[in-house]
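The structure appears right after this line, and notes come after that.
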Amino acid sequence: MQNATLHQLKVFEAVARHSSFTRAAEELFLTQPTVSMQVKQLSKTVGMPLFEQIGKRLYLTPAGKELYSTCQEVFDRLSQFEIAIADLKGLKQGTLRIAVVTTAKYVIPRILGPFCQRYPGIDISLTVTNHQYIFDSLSVNRDDLYIISQLPDDSEAQTHPFMENPLVVLAPGNHPLAHEKDIPLERLAEEPFIMREPGSGTRKAVQKLFDDHGISMRVKLDLGSNEAIKQAIAGGLGVSVLSKHTLALEGLNSQLAILDVEGFPIHRQWYVVYPSGKQLSAIAQAFFDYLLNEGKQVAERTAFQGLL
Ligand code: PGA
């Protein structure tokens, strides 16, 4: 059946439905010899006759009946597919797959809220992970869109900045440096430091700043989570550098203080990224446009007052 064409199946289906070559030809705007020829070729492909003529009437053979019900299933599936595609084009249904770095989880869900209200039939798959994992996903084209704050060195990707993502120094609220101004980097380096895990973009940015100044740090603890680091700071284990957005929910009620250290905040951006040459789905394109046009305003509107 691999050699049968969709056109032949359509012609056969019409003949079977009308029990008539003439009426099928009229319906399909074809000549009767063309219709007969298509059915003849199809029955050759099947290897059995599909119709039998008894007197003036045309009947389906057992093979013809099998093929007729197969045709109905095939055409049903095709029309369901057409509806699904029309819905996708109209952004009525489908899944948007986004992978974001750990800090974007403080903002992206709030940006997604109004977007999902606008397109209620859309499901979201949101992966939150560090830069290294995002770069891996990007290289195998696993998701529709990626949100990162450090661009990959070697990949061909479309990158568009949409919002600031500054890194700040955090210490317990009662830390002796909490009210000091212009704290030298050397002084900060004397404090026990809590560092994100290898593969983290935050870690890379902090390490680079210290390396650029030729200063080494006293890393006391490696932790793979921004939230765990905040708890560790509050517990007096040390100081750390994290995105200011990690304070999103506690805001000014936080038990943590932002220290005024030379070289900070480290100014960075979030970028929305996808591989060059990737054909974005209608949903991904709609979210991409929304993020660039409205994302920042929505995030600011819904953020804890005074934080951004
Ligand atoms: P990370 O990235 O989770 O890889 O540290 C966070 C960020 O750069 O904001």
Side-chain angles (χ1 to χ4, degrees), residues 97-112 125-140 142-143 145-155 157-170 193-212 217 219-233 237-251 254 256 258-259 261 263-275 291-292 295-296 298-300 302-304 307-308:
R97 291 178 195 288
I98 322 173
V100 308
V101 287
T102 59
T103 50
K105 78 169 178 200
Y106 295 96
V107 166
I108 291 299
R110 283 186 283 126
I111 294 180
L112 274 168
S125 154
L126 179 66
T127 305
V128 179
T129 181
N130 71 20
H131 271 81
Q132 192 50 55
Y133 280 98
I134 301 254
F135 294 158
D136 294 346
S137 301
L138 189 62
S139 68
V140 295
R142 197 174 292 143
D143 297 279
L145 295 170
Y146 305 85
I147 289 170
I148 53 181
S149 50
Q150 209 160 305
L151 299 179
D153 300 329
D154 50 354
S155 114
Q158 294 287 327
T159 61
H160 301 262
F162 68 94
M163 204 170 154
E164 300 78 32
N165 178 26
L167 291 179
V168 294
V169 183
L170 295 177
F193 203 88
I194 307 166
M195 190 66 132
R196 280 282 306 277
E197 78 288 358
S200 147
T202 308
R203 177 187 178 111
K204 211 167 162 187
V206 176
Q207 192 68 61
K208 180 171 183 318
L209 181 82
F210 278 85
D211 288 351
D212 287 351
M217 7 179 12
V219 177
K220 186 171 176 66
L221 194 60
D222 258 9
L223 274 182
S225 137
N226 299 319
E227 284 302 308
I229 289 181
K230 286 189 329 191
Q231 296 299 330
I233 299 169
L237 282 169
V239 299
S240 188
V241 172
L242 291 179
S243 163
K244 195 174 177 187
H245 291 284
T246 61
L247 298 176
L249 281 187
E250 60 256 47
S254 173
L256 310 180
I258 298 178
L259 299 189
V261 179
F264 285 92
I266 301 178
H267 293 285
R268 302 182 317 152
Q269 307 259 4
W270 274 313
Y271 299 86
V272 56
V273 173
Y274 59 91
L291 197 57
L292 293 192
K296 189 170 178 208
V298 175
E300 282 171 356
T302 54
F304 190 92
L307 187 70
L308 294 179

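Remember, it's 1-based here, ligands and their atoms both numbered in the order they're listed. Positions are given from 1, in the same order as the sequence printed here.
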Return a yes/no value for [X]: is any of its N or O atoms, backbone included, closer than 3.5 angstrom to an N or O of ligand 1?
X	answer
Thr103	yes
Arg203	no
Gly201	yes

*asked:* As a quick check of understanding, evaluate side chain to side chain donor-acceptor pair (under 3.5 Å) for Arg196 and Thr102, giving each step before the final call.
replied: CA-CA 11 Å; Arg196 280 282 306 277; Thr102 59; 3.1 Å; yes
Can you list the atoms of ligand 1 that are under 4.0 Å from a heavy atom of [X]?
X	answer
Asn165	7 (C), 9 (O)
Arg268	7 (C), 8 (O), 9 (O)
Ser200	1 (P), 4 (O), 5 (O)
Asn130	3 (O), 4 (O)
Ser149	7 (C), 8 (O), 9 (O)

*asked:* Applying side-chain contact (heavy atoms from CB on, under 4.5 Å) to Leu170 and Leu247, what does each step give before you reach the verdict?
replied: CA-CA 10 Å; Leu170 295 177; Leu247 298 176; 4.1 Å; yes
*Give a yes or no on whether Phe210 atom CZ has more than 12 heavy-atom contacts from other residues, nucleotides or ligands under 6.0 Å away.*
yes
*Is it the case that more than 12 heavy atoms not belonging to Arg268 sit under 6.0 Å from its CZ atom?*
yes
*Does even one non-hydrogen atom of Arg196 get within less than 4.0 Å of ligand 1?*
yes
*Side chain of Asp136, backbone of Ser139: donor and acceptor closer than 3.5 Å?*
no
_Quick test: of every protein heavy atom, which one is nearest to atom 3 (O) of ligand 1, and how far off is it to 0.1 Å?_
Thr102 OG1, 2.5 Å
_Audit row: Leu209, Val241, side-chain contact (heavy atoms from CB on, under 4.5 Å) steps and yes/no_ = CA-CA 11 Å; Leu209 181 82; Val241 172; over 6 Å; no
*Heavy-atom closest contact (Ala232 atom, Leu221 atom, distance)*: CB-CD2, 4.3 Å
